[in-house]
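Every chain is numbered from 1 and lettered A, B, ... according to where its sequence line falls, protein lines coming before strand lines. Just so it is clear, the values below take in all heavy atoms, side chains as well, and ignore hydrogens, waters and symmetry mates.
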Amino acid sequence: MVYDFKSIESKWQNYWSKNKTFKTEMDQSKPKYYVLDMFPYPSGSGLHVGHPLGYIASDIISRFKRKKGFNVLHPMGFDSFGLPAEQYAIKTGKHPKLTTDINIERFKKQLNKLGLSYDWDREIKTSDSSYYKWTQWIFLKLYNSFFDVNENKAKDISQLEIPNGLNENEKMQFIDSKRLAYLDNIHVNWCEELGTVLSNEEVIGGLSERGGHPVVRRPMRQWVMRITAYAERLLDDLKTLDWPESIKLSQKNWIGKSEGAKIRFVIDKNAFVDVFTTRPDTIFGATYLVLAPENDLSIKLTTKKNKSIVDDYITKSSQKSDLERQENVKDKTGVFTGSYAINPISKEKIPIWIADYVLSGYGTGAVMAVPGHDERDYEFAKKFNLKIISVIHHKNEGECYTGNGKIINSGKFNGLDNQKFKKIVCDKLRELKLGEKTINYKLRDWIFTRQRYWGEPIPIMFDGKIKIPVSESALPLELPEVESFKPASDGSSPLARNKSWKNVLLNGKKYERETNTMPQWAGSCWYFLRFLDPRNSKSFAEKNKIDYWMPVDVYIGGAEHAVLHLLYARFWHKVLYDLGHVSGPEPFKKLVNQGMILGNSAFIHRIKNTNTYISYDLIDEYDVQKINVDIDLLTNNNELNIETLKNSDIKFKNAEYMFNEKFIVLREVEKMSKSKFNVVSPDKICDKYGADTLRMYEMFLGPLEQSKPWNMDGITGVHNFLKKFWNLFHDESGFNVLDTKPNENSLKILHKTIKKVNSDIESFSFNTCVSAFMICVNELSSLNEKSSLVLRNLCLLMSPFAPHICEEIWSKFGKSDSISNQDFPIHNESFLIEDKFEYPISFNGKLRFKMIFKLDCEYSDIEKELSHNEKVSSYLNGKKIKKIIFVKNKIINIVF
RNA sequence: GCUCGGGUGGUGGAAUUGGUAGACACGUUGGACUUAAAAUCCAAUGAACAGUAAUGUUCGUGCGGGUUCAAGUCCCGCCCCGAGUACCA
């Protein structure tokens, strides 16, 4: 009987969706298990083979945990606000909602083809107003909260103690300055091309994370989230999480805690410069100060004589993009302000400079430069001929030294250990009221506004400068229609052009709405909570449901979200926790990163400045340019069919082609992407081999966390294995399983497999599970095992991996219930004990022979055995045996 | 530059955490079935050397040292690849 995967898979997919097999309800009698995938952005190119890797893994865990008696929540939704749909809308004029909905339908169809056990009744979309109502609600919670530094937690703004003697306006300003969501005029990352501001996390190497467009610094009025208040807690609680160390480390680095001192350098009665340093021990080596160009003091402290050069420098550096700044790291620039300040410890008068190697956003935006012990200061001092003093002893005099040692050139402190001296300096500064020990973080507040259309409107109105939050009952604040989705070059949002929406008349009073929208990350900060109670219109989720389901037990997704999404989501969750809306401080207990599946791109080569394409084996003699071609046009591995290429695009139609016999292309591994024409869709593979084969193959490819290029070479092996598995239960005439007593060896191999699969699933080692199944099936077929006892258990064991084929077989055992509701088999240790074992013994690597021992044999038995053997006795090769080494009941070696 | 991962057959990858390295799969080769091909099944397959053969010996986990009866695994010093990060004072 043939394994007809097509009809089997559609049959069971229909069955599951019709019977809502995976619908989940709260059930206090069972332990819960929450398995979450990072929900996808529904892009226009649909699913590629990389997406399912994580989804299949989470599905295996879900199905496995259900069988283990857990009440498993396994939902799916869509992160449907975002730039690509909007960029597409700008190009075509089509509303992002339309394209997003079409894309979502396509995604769902593709996901269902894989046999994933989602509870689709819980589906959510972040762009639905019934969803973003609550995103806006949480925004207002942040707006109406402050961070209580003493209690180290967020509280409602009404509990904020307001200092006495403030007038109404000052009071308002004071409150606004404490809110967790606040408005600020700050230097932001402005991306001209995208027409929007980006968060620090969204800028990579001076270019936008999406699209790779240049980004410049520019001051703008923005909504900002006070994530810095949570820096210490975000860092501390990492310890409690079962996450990959690498991800924890990148979050730790991103938060960037450093301990040091804040030091005040006085200029005169009215002016001073505060700096942050991690090296207060080098205070005697501080020979000048440096301010960031954006620092307000820069202009203030500049003398008349130096004004024109300083102004010039500040303007120039503001025009530089982050990328340009980074390019010139080696070549430092700067100007002298003309002012001097007093070193609070050495009392020396030192010059104040301005340079763009000092960042305005970190610390106080000013540093004390110690050229003797900091490489950047050293370079700067060399270039501008500033004084360099060594204050820590080291061998290479005159060079920069960043290590530890004995203090020198520091007056009465000479000879001290520099680490000890740190404390002394801090104490001294405290005494002088000119500084103290401080902790600084790299983490900056999160810029929360985007000048874009396709996002959540911010529920705030303005009465002049006074901010009025939209009342809860008026939520959701619906995203209005606009004439054009284009961002304006002046930095205003497309929403600002819809005047009837922007201007509000309330109780006879005029207000203006905030017209910026929230960033892409807003919706994904809390979606895992909405899954618990997705249709609730009274609250974002009922409290008892949150108490039951949270935290997420396993969260599976790509490592690219290591700092962005995961940090923001943790931050929001902590705020909700402080305000009493959720029951724990952390949302994701365990995190698993699946690796990326890479595409195997194909390139053809064009001779530069011609219209001639040339085969890869001939390029040596020409100056050529690499061009991606669609991998679907390849005939076999590296060969291209010119005719199909010509028909694929006009630009290839009339070109010339140079080749010998075959046209060879270059293959290279790259990220899978539509623009690189290297996307492999799972649909084709499902059609040819079936979803079960695809599922097992993706797991078989290698460790889940590892990135690997997609290749189809091994898929027939997995497909053949499934056929073999099918044939265990069937012969030519049909289903054929007997109620006979199982073969002893079959029981052994079965229980070995059960044991291995159980522990391997728990440790997410799915590739070795698949191998274990292959070994088991191979052995059972060579034993010609037909016993229903063994086969039924094997079927159960494999059902999380290949659910369709297993359901089909299970149904033939005459059981009425779905295999999904069956318990997972448990291994019996007694079948695993080997009563005899054979082991080769080696003597110094010279002599080898095989001996058979019983498991419980004693040393004397072995001695007896040895003396029976003519060649071997307790003396071997003339040497006396000292000891025989056992490890776990095995003889490992014999020592003379 | 810094920080984290990795280097195992022709290929993807196993190895109970110090105990027979190369499981499982792909590929290759040979064989069976077939007029033929595909599909399927069986066998061999780390390298070198010896032997008609069964088999045996030596070498083998990026390179060089070390610890140990025993090292892919632990320690020291290098080389290479990948990822993240980047003037964070």
Open item on the list: Please convert RNA chain B into dot-bracket. A pair counts if it is Watson-Crick or G-U wobble with both distances under 3.5 Å; crossing pairs go in [ ] and bases paired with another strand get |.
Closed with: (((((((..(((......[....)))((((((.......))))))(((((....)))))..(((((..]....))))))))))))....
Open item on the list: What's the closest nucleotide to the side chain of A/Ser246 if the choices are B/C4, B/A86, B/A89?
Closed with: B/C4
- [ ] Return the nearest nucleotide to the side chain of A/Leu249; candidates are B/U3, B/A89, B/U85.
- [x] B/U3
Task: All side chain to side chain contact (heavy atoms under 4.5 Å, CB included) counterparts of A/Asn828, not counting sequence neighbours - done: A/His751, A/Ser830, A/Phe831
Please list all pairs passing the salt bridge (Lys or Arg N to Asp or Glu O under 4.0 Å) test where one or both residues lie in [range], with sequence neighbours left out.
range: residues 723-733 of chain A; result: none
range: residues 355-366 of chain A; result: A/Lys320-A/Asp356
range: residues 694-704 of chain A; result: A/Asp59-A/Arg695

Open item on the list: For RNA chain B, which residues of residues 757-765 of chain A approach it to below 4.0 angstrom with any heavy atom?
Closed with: none
Open item on the list: With the threshold set at under 4.0 Å for non-hydrogen atoms, list the residues of residues 768-777 of chain A touching RNA chain B in residue-number order.
Closed with: A/Thr768, A/Ser771, A/Met774, A/Ile775
- [ ] Could I get the full list of salt bridge (charged side-chain N to carboxylate O under 4.0 Å, His left out) partners for A/Glu560, not counting sequence neighbours?
- [x] none
Open item on the list: Once side chain to side chain donor-acceptor pair (under 3.5 Å) is applied, do any residues pair with A/Asn767, and if so which ones, sequence neighbours excluded?
Closed with: none
Open item on the list: Tell me every residue that passes ring pair (Phe, Tyr, Trp, His ring centres under 6.0 Å) with A/Phe384, counting only those two or more places apart in sequence or in another chain.
Closed with: A/Trp353, A/Phe380
Collect all protein-nucleotide pairs involving nucleotides 27-34 of chain B in which both atoms are nitrogen or oxygen and the distance is under 3.5 Å.
none

Side-chain atoms of residues 700-710 of chain A: list all donor-acceptor pairs with protein atoms under 3.5 Å, sequence neighbours left out, distances to 0.1 Å.
unit_1, atom_1, unit_2, atom_2, d
A/Ser707, OG, A/Met596, N, 2.9
A/Lys708, NZ, A/Pro703, O, 2.7
A/Lys708, NZ, A/Gln706, O, 3.2

